[in-house]
Amino acid sequence: MSISREEVLHIAALCRIGVTEDELEALQEKLSQVLDLFRTLDEVDTSQIPPTEHSGSLESVMRSDEAADSAPRESVLANAPAIENDLIRVKAVLEG
Amino acid sequence: MATLHDLTLMEVRQLLERREVSPADVAESSLRRIDDVEQQVGAFISVDGDLALQMAHRAAGSLKKDGTGEPFPLAGIPMQIKDSICTRDLPTTCASHMLEQFRPGYDATAVAKLFSERAILLGKGNMDEFAMGSSTETSAFHPTHNPWDLERVPGGSSGGGAASVAAGEAYYALGSDTGGSIRQPASLCGVVGLKPTYGLVSRYGLIAFASSLDQIGPITRDVSDCALVLSSIVGHDSMDSTSISAPEPDYVSGLTQDVRGLRLGVPREYFVDGVDSKVEGAVREAIRVLEGLGASVVEVTLPTTPYALACYYILALSECSANLARYDGAKFGYSHQEAATIWEGVEKTRQFGFGEEVKRRIMLGTFALSTGYYDAYYLKALRVRTLIRQEFDRVFQECDALVTPTAPTPAFPLGERKDDPVRMYLGDIYTVPASVAGIPAISVPCGFSQGLPVGMQIIGPSLSEGTLLNIGYAYEQATTWHKLRPPQ
């Protein structure tokens, strides 16, 4: 299966990864190769088989709701790219 | 006496207990070894010698637990932690420019457990970027070289861990395994690596790649060391909702060496075209050794095996596309500030912060989850995962464990597969089935091909770590592969 330039650009937009013109051809080729591998699953009959989301055998995990300290503010802010008044500064999310 | 850095963890522990050496002697010896070989091997992303010596001095006063007088099993012994596992205030880069400046505010649970036993951290291990690779070549910083042949890869993604243990820099390492990232580098570097049952070791503080598959596990020089390290890191953790409450056996005292009556399955689908003939020969010979020790051998069949690779990559890449959405340049990590809008900033942050393989995997996972393709890829893979689990369940009625090659070939030359993702992925064909099923598997050295180490993989049902370790131990007692060290 070959994937088109437009599809590559569409996927890149969905996952918000910037791509340049000169990367597109190589991406088309390499993504298509892996999709060919993915499609080998078409040969397996799974019409009667339910999905398994998780490899563990877990039930829903509940715990009592007890108050506990969260991470200290300084240790969270220490990794933030931009800070203002003890808050993380980002560009405007809603424009205009 | 052999050189200190050539000893196993257990051997050094005995010297420490008899006070023939001090923790500072051991740490200094490891740091000297790193000085001597690290330039050629490149197993570390960061080394903190001052911290290691400080930890050694602290350990010197507390080799034994307060009150009981019992020794801490890992006290004073130097190790390496994979750089995808959080260490408080210390670099934890995931081998990515995205996290080059990141300093976690906390220790991963597995790390905290080792530190509470007075273990000595030498530094953080090189790896494929975000654990996405099988050769450690996608590290954003530098490749790691296989200590057995410096022109070859150490495997991956925990290549730094396997190489550091093989080269005598660290006595053991913590790696993480999503589709083989502990077992395959252990095989290629001639050391032991174990991927535990999903949920046995807490994932708290392990930087997520594919959350339904990721597990932390030990890389060691022999099986006894592996049992010791595993005993120290297992246990339920309220900080990881997928962590299981299982009995915590003492894996070391379970090493009886007795495999009489154990039924070993040899799955036909793991010995097919594409496996190196000397790899196959070494594993078949190892099976004969185990048979000679009293185990019985049955041929079994796992027909869905050829599809496990596609199933694994669809699941792993889908999960990675969701997990890595958090890297947006806002809260932590690399942030591209020169952008007109917040969205341009996010796109540039991810364009420049991630390497090529990581970006390809996020894009493929995004595609597999996108409208119109979800059923054909992601849901299909979840159904195939059920088949793979059912086949393992069935086959473990017929046998107690499976013996297979860990990887189809020994270590390959640096650069050989770097630009051919599918060829790189094919090397994971024997390790991904156990990952998809969430069951444990260990790789143990069992011979050589072209002068390079070969590993055999022993796979067992859920929570069979004790059995797998004992099979590996019995094999080691009957052979000498685990005693060989790479040339200087």
Side-chain angles (χ1 to χ4, degrees), chain A residues 3 7-8 10-20 23 26-27 30-31 33-58 60-63 68 71-82 88-95, chain B residues 101-103 105-106 198-199 212-213 238 241-242 244 304 306-307 309-311 313-314 321 325 328-333 335 337 339 341-343 345-348 350-351 354 359-360 362-364 366-368 370 377 379-387 389 421-422 425 435-438 462:
Chain A
I3 187 169
E7 281 177 298
V8 173
H10 174 61
I11 300 166
L14 284 177
C15 59
R16 297 198 187 279
I17 292 178
V19 291
T20 58
E23 288 174 311
L27 272 171
K30 288 192 169 137
L31 299 187
Q33 287 168 359
V34 180
L35 290 174
D36 284 342
L37 170 71
F38 285 5
R39 293 209 75 99
T40 58
L41 291 194
D42 290 351
E43 298 162 18
V44 187
D45 177 9
T46 54
S47 52
Q48 305 300 317
I49 309 294
T52 298
E53 281 85 4
H54 218 266
S55 57
S57 48
L58 285 171
S60 184
V61 179
M62 307 293 278
R63 61 164 175 80
R73 176 181 286 244
E74 316 79 73
S75 89
V76 176
L77 291 176
N79 281 298
I88 294 173
R89 182 185 172 80
V90 295
K91 287 193 166 58
V93 179
L94 299 171
E95 315 272 336
Chain B
Q101 306 300 325
F102 177 61
R103 300 289 181 274
Y106 60 96
Y198 183 81
S212 83
L213 302 158
S238 61
S241 63
T242 59
I244 51 180
T304 308
Y307 300 102
L309 194 70
C311 172
Y313 272 95
I314 292 173
S321 75
D328 56 9
K331 301 175 290 296
F332 61 98
S335 181
Q337 295 286 327
T341 67
I342 188 167
W343 301 118
V346 173
E347 285 183 4
K348 292 261 166 64
R350 293 162 69 78
Q351 177 178 358
F354 290 136
K359 287 191 278 191
R360 280 199 295 265
I362 293 171
M363 293 177 79
L364 285 159
T366 302
F367 180 75
S370 65
Y377 293 100
L379 191 60
K380 180 81 182 181
L382 290 179
R383 293 182 197 281
V384 174
R385 179 184 224 173
T386 305
L387 278 177
R389 290 192 60 165
V422 173
Y425 299 173
S435 301
V436 167
S462 195

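Values reported hereafter were calculated over all heavy atoms of this structure, with side chains retained and with hydrogens, waters and symmetry mates removed. Predicted model, so just to flag it, every value in this text is computed and none were measured. A, B, ... follow the sequence lines: proteins, then strands. Residue 1 opens every chain.
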request  = Any chance you could measure A:Asn79, atom CG, to B:Arg103, atom CZ, to the nearest 0.5 Å?
outcome  =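 Separation between the atoms: 8.5 Å.
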query = At what distance, to the nearest 0.5 angstrom, does SG of A:Cys15 lie from CZ of B:Arg350?
reply =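 The SG atom of A:Cys15 sits 6.0 Å away from the CZ atom of B:Arg350.
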A:Glu23 versus chain B, the contacting section by heavy-atom distance below 4.5 Å = side chain
request  = Under the side chain to side chain contact (heavy atoms under 4.5 Å, CB included) rule, what do A:Leu35 and B:Tyr377 come out as? Steps first, then yes or no, please.
outcome  = CA-CA 9 Å; A:Leu35 290 174; B:Tyr377 293 100; 4.2 Å; yes
ask   = With respect to chain A, which residue among B:Leu309, B:Leu379, B:Leu364 yields the maximal number of heavy-atom pairs within a distance under 4.5 Å?
value = B:Leu364
note = Assert top hit (heavy-atom pairs under 4.5 Å, partner chain A, pool B:Pro421, B:Gly199, B:Gly105) equals B:Pro421
Interchain contact, B:Ala330 with chain A, by part (heavy-atom threshold 4.5 Å) = both
key: Contact class of B:Gln337 relative to chain A, heavy atoms under 4.5 angstrom   = both
Highest number of heavy-atom pairs under 4.5 Å with chain B: which of [options]?
{"options": "A:Ala78, A:Ala80, A:Pro50, A:Ala71", "result": "A:Pro50"}
{"options": "A:Leu37, A:Leu41, A:Ile11, A:Val34", "result": "A:Leu41"}
{"options": "A:Leu77, A:Asp42, A:Val90, A:Val44", "result": "A:Val44"}

Side-chain touch [X]/[Y], heavy atoms, less than 4.5 angstrom:
{"X": "B:Met363", "Y": "A:Glu7", "value": "no"}
{"X": "A:Arg16", "Y": "B:Asp328", "value": "no"}
{"X": "A:Thr52", "Y": "B:Leu382", "value": "no"}
{"X": "B:Phe367", "Y": "A:His10", "value": "no"}

message = side chain to side chain contact (heavy atoms under 4.5 Å, CB included), that's the test. Do B:Lys380 and A:Thr46 meet it? Break it down for me.
response = CA-CA 7 Å; B:Lys380 180 81 182 181; A:Thr46 54; 3.0 Å; yes
Test side chain to side chain donor-acceptor pair (under 3.5 Å) applied to B:Ser370 - qualifying residues, sequence neighbours left out =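 Checked B:Ser370 against side chain to side chain donor-acceptor pair (under 3.5 Å); zero matches.
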